[in-house]
**Student:** 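The structure under discussion is supplied below as structure tokens; questions concerning it will follow.
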Amino acid sequence: MTVLVSGNLQPIGTGRFVFGHHNSPPRASGAEARGYRHHRFVLRDIKQEGDEMTLVITLVTPNGVWASTDHRLTQHPGGKVITDSSVKHVIVRGSDGAALVSYTGLGRVGALDVSAWMREVLRGESRTVDGTLIDLREQATARIGAQAKSLNIQHAFLAGAFLKERPWAVVITNMGSPAGPSSGRIQSAFETTAMPADEPVVFAAGSGRDAIVQADRELLHRVSGHKPRRPEEFMRLLGDVNRRAAESGHPGARLVSRACSVVFMPPSGDDVRREWYGPEEDRALAPTGFSHMLFGIDLGEMARPMIELSQALWSGEITEEEFSKRTEEAARKAVQPRQRRKPTK
């Protein structure tokens with residue numbers, strides 16, 4: 001069986017890259033923590049068999065969330081490069097905040113990038129951030145949990161979120177809880193771990209994490225606790241770290257595209273910025289469109305046909321009546337969920 005994969009989960013640092021240190025878990029209450037486990041050990045250093053790829057770096061701070069994701073997908077097994085244009089993030093604006101979600105593991109669900117599948121199953125309902133992440137966990141268990149387990153693929157969704165402008169670091173993964181009987185083993189059910197990010201949290205995920213050069217590890221360590229003068233400073237930094245990792249010569253570097261997308265989400269969840277960083281000769285590979293959910297509306301589904309139809313109307317290829325009919329159809333599709341499955345018990 002050939003499966004497209006986009007990485008495995010690697011360690012996390014809290015405030016900086018910290019491996020092996022933990023504090024007492026914070027208390028959780030109300031809807032924020034429903035279905036969540038709270039651990040200072042947010043992720044563990046776990047290796048797995050099979051192909052691994054992706055480099056995801058996320059900074060969750062009180063000043064905003066920054067995330068870089070490379071664009072490479074490869075076959076599993078075999079490791080053949082399929083594309084360097086895969087989108088591996090989704091921005092979610094909810095009724096009480098926002099979340100920037102990236103992932104490693106399975107790269108596609110059927111013919112869809114996992115990011116497109118996420119938008120399809122989540123659209124159509126304006127949820128809270130907490131409700132969105134819970135629904136994502138349940139849909140992931142129902143749709144990809146058994147497949148990932150059978151292929152021995154570690155999959156994780158990594159989120160930096162603001163709930164009423166308080167920062168949270170969240171991981172939804174098919175790895176057993178560090179405190180549970182399935183610790184360190186791939187499961188068919190996904191679990192959620194969350195912690196407040198009042199102090200900065202740094203995610204480094206995917207086998208490409210091992211290709212991050214030591215100088216960049218130290219640099220991320222230093223800057224994570226500082227507020228940049230402009231968000232673009234951290235965006236450019238993450239883009240540079242991704243490229244240096246891809247060109248490092250480390251064995252894991254072959255699984256990371258030189259180019260990446262970097263997203264900045266401020267605490268308000270508004271004015272989200274996205275930039276593509278990479279060599280000029282790779283610019284033709286840069287993904288287009290939106291990977292953004294706005295109060296249950298899939299902007300990625302709606303934006304492209306709207307732009308194309310506007311161009312067609314301007315050039316005289318379609319009438320105003322046809323434009324109105326087809327834009328209404330695009331708007332309906334943007335709020336119609338697809339591929340949802342009944343959550344498993």
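Computation of the quantities below employed the complete heavy-atom set of this structure, encompassing side-chain atoms and omitting hydrogens, waters and symmetry-equivalent molecules.
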**Student:** Is the backbone N or O of S291 less than 3.5 Å from a side-chain atom of R119, with the two atoms forming a donor-acceptor pair by type?
**Tutor:**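 No.
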**Student:** For the side chain of S85 and the backbone of L285, is there at least one donor-acceptor N/O pair under 3.5 Å apart?
**Tutor:** yes
**Student:** Between T319 and E321, is any side-chain donor less than 3.5 angstrom from a side-chain acceptor?
**Tutor:**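 Distance-only check fails for T319 and E321.
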**Student:** Would a single hydrophobic cluster contain both M302 and I307, if residues Ile, Leu, Val, Met, Phe, Trp and Tyr are joined by side-chain heavy-atom contacts under 4.5 Å?
**Tutor:**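 Unlinked, I307 and M302 end up in two clusters.
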**Student:** Are the side chain of D96 and the backbone N or O of L163 linked by a donor-acceptor pair below 3.5 Å?
**Tutor:**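 Pair absent, no side-chain N/O of D96 close to backbone of L163.
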**Student:** Compare all side-chain heavy atoms of V101 with those of M293 and state whether any distance is below 4.5 angstrom.
**Tutor:** no
**Student:** If we ignore angles and hydrogens, is there a donor and acceptor under 3.5 Å between the side chains of H71 and S261?
**Tutor:** yes
**Student:** Under 3.5 Å, is there a donor-acceptor pair between the side chain of Q139 and the main chain of R341?
**Tutor:**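 Looks like yes, one N/O pair under 3.5 Å.
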**Student:** Do L112 and I82 sit in one hydrophobic cluster, given that two such residues count as connected whenever their side-chain heavy atoms are within less than 4.5 Å of each other, even indirectly?
**Tutor:** no
**Student:** Look at the side chain of R123 and the backbone N and O of Q336, then say whether any donor-acceptor pair between them is shorter than 3.5 Å.
**Tutor:**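 Such a contact is found between R123 side chain and Q336 backbone.
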**Student:** Between atom NZ of K80 and atom OG1 of T74, what is the distance when rounded to the nearest 0.5 Å?
**Tutor:**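 Nearest 0.5 Å value for the NZ-OG1 distance: 11.5 Å.
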**Student:** Please check if the side chain of N242 supplies one atom and the backbone of G278 the other of a donor-acceptor pair under 3.5 Å.
**Tutor:**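 No.
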**Student:** Hydrogens and angles aside, do S86 and D113 bring a side-chain donor and acceptor to less than 3.5 Å of each other?
**Tutor:** yes
**Student:** Got a salt bridge between D135 and R340, using NZ or NE/NH1/NH2 to carboxylate O under 4.0 Å?
**Tutor:**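 Yes.
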**Student:** Please answer whether the main-chain N or O of A142 pairs with a side-chain N or O of K342 as donor and acceptor at a distance below 3.5 Å.
**Tutor:**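 Flag not set: sc K342 to bb A142 has no pair under 3.5 Å.
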**Student:** Under 4.5 Å between any side-chain heavy atoms of K149 and R185, yes or no?
**Tutor:** no
**Student:** Under a 4.5 Å cut-off applied to non-hydrogen side-chain atoms, are R143 and V121 in contact?
**Tutor:**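 When only atoms from C-beta onward are counted, V121 and R143 do not touch, as no gap falls below 4.5 Å.
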**Student:** Check for a donor-acceptor pair, side chain of H292 on one end and backbone N or O of L299 on the other, with a separation under 3.5 Å.
**Tutor:**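 No.
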**Student:** To the nearest 0.5 Å, what is the distance between CZ (R332) and OG1 (T327)?
**Tutor:** 9.5 Å
**Student:** Quick check: does any side chain N or O of S324 sit under 3.5 Å from a backbone N or O of E320, one acting as donor and the other as acceptor?
**Tutor:** no
**Student:** Can you check whether S257's main-chain N or O pairs, donor with acceptor, with D70's side chain at less than 3.5 Å?
**Tutor:**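 Pair found, side chain donor or acceptor close to backbone of S257.
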**Student:** As an exercise, state the distance from CH2 of W66 to OG1 of T58, rounded to the nearest 0.5 Å.
**Tutor:**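 Answer rounded to 0.5 Å: 12.0 Å.
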**Student:** For a 4.5 angstrom cut-off between non-hydrogen side-chain atoms, does I134 reach T192?
**Tutor:** no
**Student:** Flag yes if Y277 and V241 sit in one hydrophobic cluster, no otherwise; membership is Ile, Leu, Val, Met, Phe, Trp, Tyr, and two members link when side-chain heavy atoms are under 4.5 Å apart.
**Tutor:**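 Same hydrophobic cluster.
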**Student:** Inspect the contact between R166 and D198 and indicate whether a charged nitrogen and a carboxylate oxygen are less than 4.0 angstrom apart.
**Tutor:**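 Between R166 and D198 there is a salt bridge, with a charged N closer than 4.0 Å to a carboxylate O.
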**Student:** Would you indicate whether the side-chain heavy atoms of Y103 and S115 approach each other to under 4.5 Å?
**Tutor:** yes
**Student:** Are L219 and F234 linked, directly or through other ILVMFWY residues, by side chains that come within less than 4.5 angstrom of each other?
**Tutor:**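 Both belong to a single hydrophobic cluster.
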**Student:** In plain terms, say whether E275 and R236 are close enough for a salt bridge, that is, a side-chain N and a carboxylate O under 4.0 Å apart.
**Tutor:**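 R236 and E275: not salt-bridged.
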**Student:** So that I can tick it off, tell me whether R326 and E329 are bridged by a salt bridge, with the cut-off set at under 4.0 angstrom between side-chain N and carboxylate O.
**Tutor:** no
**Student:** Set out, in order, the CA-CA distance, both residues' side-chain angles and the distance that settles salt bridge (Lys or Arg N to Asp or Glu O under 4.0 Å) for K333 and D298, then state yes or no.
**Tutor:** CA-CA 8 Å; K333 288 184 65 176; D298 182 357; over 6 Å; no
**Student:** Do W276 and D282 have side-chain heavy atoms sitting under 4.5 Å apart?
**Tutor:** yes
